[in-house]
Structures are given as C-alpha cells and as structure tokens.
Amino acid sequence: GVVVDGTGEAPIRADVRTSAGRIVEVGPDLRRDAEMEIDASGAYVAPGLIESHTHYDAAVWWDPDCDPMPAHGCTTMVVANCGLGLAPLRPDEQSDLVDLFAFIEDIPAEAFHLGVPWTWDTWSQYHQQAKGHATAVNTVGFLPHQMVRTWVMGSEAWERPATDSERAALCHELDEALAAGAIGLSTTAMDLDRNNRLVPSRLADDRELHDLIGVLARHDAVLQFVPRFLEPEFLLEDVERAARPAAAAGVRTLFAGY
C-alpha cells in the first residue's frame, strides 16, 4: 500500500512486514515468507492513532468493538482520564463514584451497574481483568485521583486534605498501580458532582500533589492535570500549581481541556 509512516516523510509505495505483532521490515517489493498477505493496494498503510483522552472505561465492557474508534484508525486509547475511572473501588463507595462518572460524562448510571462486572477491588486486580477482556483497540490507563482518594480516605476524601499517614498511603497505592501497569496519575481541579460538591481531588493540598508527583518521577510516569479551564481567572494559577513541582521533578505533564 501507500505507506505514511508518521515521521513527516513523503508517502511511498511499499510493503510492511510484521512478526509477533511488531513491524520488522518496510520496503518496496518484499518477498513473501509464508506469512498471511493483506493487499492494501489503493489504501494507505499507517501507524495506528493513539486517542489520548477517552472515557470508554465502562463502555469497553459492553462494547468490546469500541465503536467508532477502529473506523477512525485508532489502535490505542487512554482511559481513566480526569481523575475518573473504575478502580480502586470498595463496594460502599461505588454508588457515589459511579454517579460522579455518570454525571460528568453524561452516561446513564444504570449502564455502569449492568454492564461492568465489578469483580475487582484494587487497581491491579482491575488491570488484570481488563487485560483478559478482548477489545478491538488496546487500552492503557491512569490511576484516577478520585478513586484512590476515596480508597484511602473513604467519605472524608470529599471533605478535607489528607493527613500525613493518608498521603503516605496514597503514594503507596500509586506506586503499586504504576508497577502493575498504570501510565500515571490523572487528576482535576475543575469538576463538581451533581450536588455541586467539589470532587475529592479538589480537596488535595499542595503537599499531597507534591508527594504524588514524587512517586511519578521515580517511575518516569505521567501526570494528567485538568485546570479550571471554564473559569479563565483561575486557569494559569492551576497550571502553575501543577507545572512547578512537576517540572522540578522532571515529570511529563498533560494539561487537559484547554
């Protein structure tokens, strides 16, 4: 097919050879070596697109085709954005956190309860089950700040900053999730629930953010931070609050939403 390799080079007519799920050779008129051959004449052959911000966390359980992602050329999507996700989660926190996700992303809460298996507690348990659930695109995810705060602090995550011991526990949970496959931590300074309560991440103080960024630095992981982009008077203040400690620690940061 016509190969567009994503580097900015001009498209070329070429063959692409894969082995064990990886590209191993690109060039004109490659000799077939007993592989299955796909004729891409008249079509472009290109690297898959990474959709870096989705909220398909629950939807992949009832729609493993991930429609319409594959039709758009997406081969990987990132979930657990904005501090929202499916784990870690204790049963007594499920109602509030499912309702929060459903409200913010305008998804019926009933779909979460009926379509998601909820057979996990910890993030690593969730990740293991998700890896065994075949989907049309690859998924990678953050550890969501709302979930880990309520996991450590219970209902008080909605009410106050973390204590010293709770910050240590939050860092431990982040460390374990990163070791198990999380790509980083997602958090927000913007969202409210349907009753106009600040979401738990907005009760985190600078000490908590600094400590969590330190864990990200040790793992070379990513911070995703959503500033109050709908309140422009606070936007730069929020960006600087995350950017300064992240830059000092060498942590790559995604500022979402603006």
Side-chain angles (χ1 to χ4, degrees), residues 51-59 77-89 93-109 112 123 140-162 166-167 170 173-174 177 182-213 215-216 221-247 249 251-258:
E51 174 51 82
S52 63
H53 193 118
T54 79
H55 290 285
Y56 274 63
D57 308 58
M77 61 184 183
V78 181
V79 297
N81 292 285
C82 302
L84 300 170
L86 304 181
L89 182 63
E93 301 292 341
Q94 183 175 341
S95 178
D96 275 354
L97 290 170
V98 165
D99 186 70
L100 176 65
F101 200 146
F103 170 70
I104 291 175
E105 296 305 325
D106 196 21
I107 303 169
F112 284 81
W123 193 92
V140 295
F142 291 102
L143 177 71
H145 203 176
Q146 320 310 342
M147 314 300 288
V148 71
R149 263 192 134 244
T150 53
W151 176 262
V152 169
M153 301 173 62
S155 61
E156 294 193 12
W158 295 82
E159 300 170 3
R160 60 172 175 81
E166 288 166 342
R167 289 200 308 276
L170 288 166
E173 294 299 328
L174 176 57
I183 62 171
L185 176 77
S186 68
T187 189
T188 179
M190 184 183 74
D191 288 319
L192 303 167
D193 76 355
R194 70 173 69 249
N195 297 312
N196 285 326
R197 286 190 301 173
L198 301 178
V199 296
S201 63
R202 294 185 65 175
L203 280 298
D205 60 17
D206 288 346
R207 291 176 299 173
E208 181 177 329
L209 185 60
H210 182 274
D211 289 353
L212 292 168
I213 286 172
V215 179
L216 295 173
V222 178
L223 173 67
Q224 184 207 67
F225 189 91
V226 183
R228 286 172 285 181
F229 60 88
L230 296 179
E231 300 175 81
E233 65 272 28
F234 299 117
L235 176 60
L236 291 180
E237 174 187 333
D238 287 350
V239 169
E240 289 178 2
R241 180 184 175 221
R244 286 175 178 168
V251 170
R252 291 164 293 168
T253 305
L254 300 175
F255 291 99
Y258 79 101

[X] to [Y] - nearest heavy-atom pair and separation:
| X | Y | value |
| --- | --- | --- |
| A249 | I213 | CB-CG2, 3.8 Å |
| F229 | L235 | CA-CD1, 4.0 Å |
| E208 | A162 | OE1-CB, 3.6 Å |
| S186 | P144 | OG-CA, 3.6 Å |
| G184 | A221 | CA-CB, 4.0 Å |
| D205 | P161 | OD2-CB, 3.6 Å |

Between [Y] and [X], is there a side-chain heavy-atom distance shorter than 4.5 Å?
| X | Y | value |
| --- | --- | --- |
| H53 | C82 | yes |
| L143 | P88 | yes |
| Q146 | D191 | no |
| V148 | W123 | no |
| M153 | E159 | no |
| W158 | L203 | no |
| L84 | D57 | no |
| D96 | R197 | yes |

Q: Please step through side chain to side chain contact (heavy atoms under 4.5 Å, CB included) for the pair L198 and L192, ending with a clear verdict.
A: CA-CA 5 Å; L198 301 178; L192 303 167; 3.5 Å; yes
Any chance you could measure [X], atom [atom1], to [Y], atom [atom2], to the nearest 0.5 Å?
| X | Y | atom1 | atom2 | result |
| --- | --- | --- | --- | --- |
| R244 | D206 | CZ | CG | 10.5 Å |
| L100 | M147 | CG | CE | 9.0 Å |
| E233 | R228 | CD | CZ | 8.0 Å |
| L185 | L170 | CG | CG | 9.5 Å |
| I104 | D99 | CD1 | CG | 9.5 Å |
| I183 | F142 | CD1 | CZ | 4.0 Å |

Q: Using the side chain to side chain contact (heavy atoms under 4.5 Å, CB included) rule, take L89 and W151 through it: C-alpha gap first, then chi angles, then the decisive distance, then the call.
A: CA-CA 6 Å; L89 182 63; W151 176 262; 5.6 Å; no
Q. Residues two or more places apart in sequence or in another chain: which of them pass salt bridge (charged side-chain N to carboxylate O under 4.0 Å, His left out) with R160?
A.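 Only E156, E166 meet the salt bridge (charged side-chain N to carboxylate O under 4.0 Å, His left out) criterion with R160.
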Q: Could I get the full list of salt bridge (charged side-chain N to carboxylate O under 4.0 Å, His left out) partners for R202, not counting sequence neighbours?
A: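 With neighbours one apart ignored, the set is empty.
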Q: Please say whether more than 12 non-hydrogen atoms of neighbouring residues, nucleotides or ligands are located less than 6.0 Å from NE2 in H55.
A: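 Yes, the 6.0 Å shell around NE2 holds more than 12 heavy atoms from other groups.
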Q.
Between L86 and F112, is the side chain to side chain contact (heavy atoms under 4.5 Å, CB included) condition met? List the steps.
A. CA-CA 10 Å; L86 304 181; F112 284 81; 4.2 Å; yes
Q) Hey, mind stepping through T253 and L223 against side chain to side chain contact (heavy atoms under 4.5 Å, CB included) and telling me if it holds? A) CA-CA 5 Å; T253 305; L223 173 67; 4.0 Å; yes
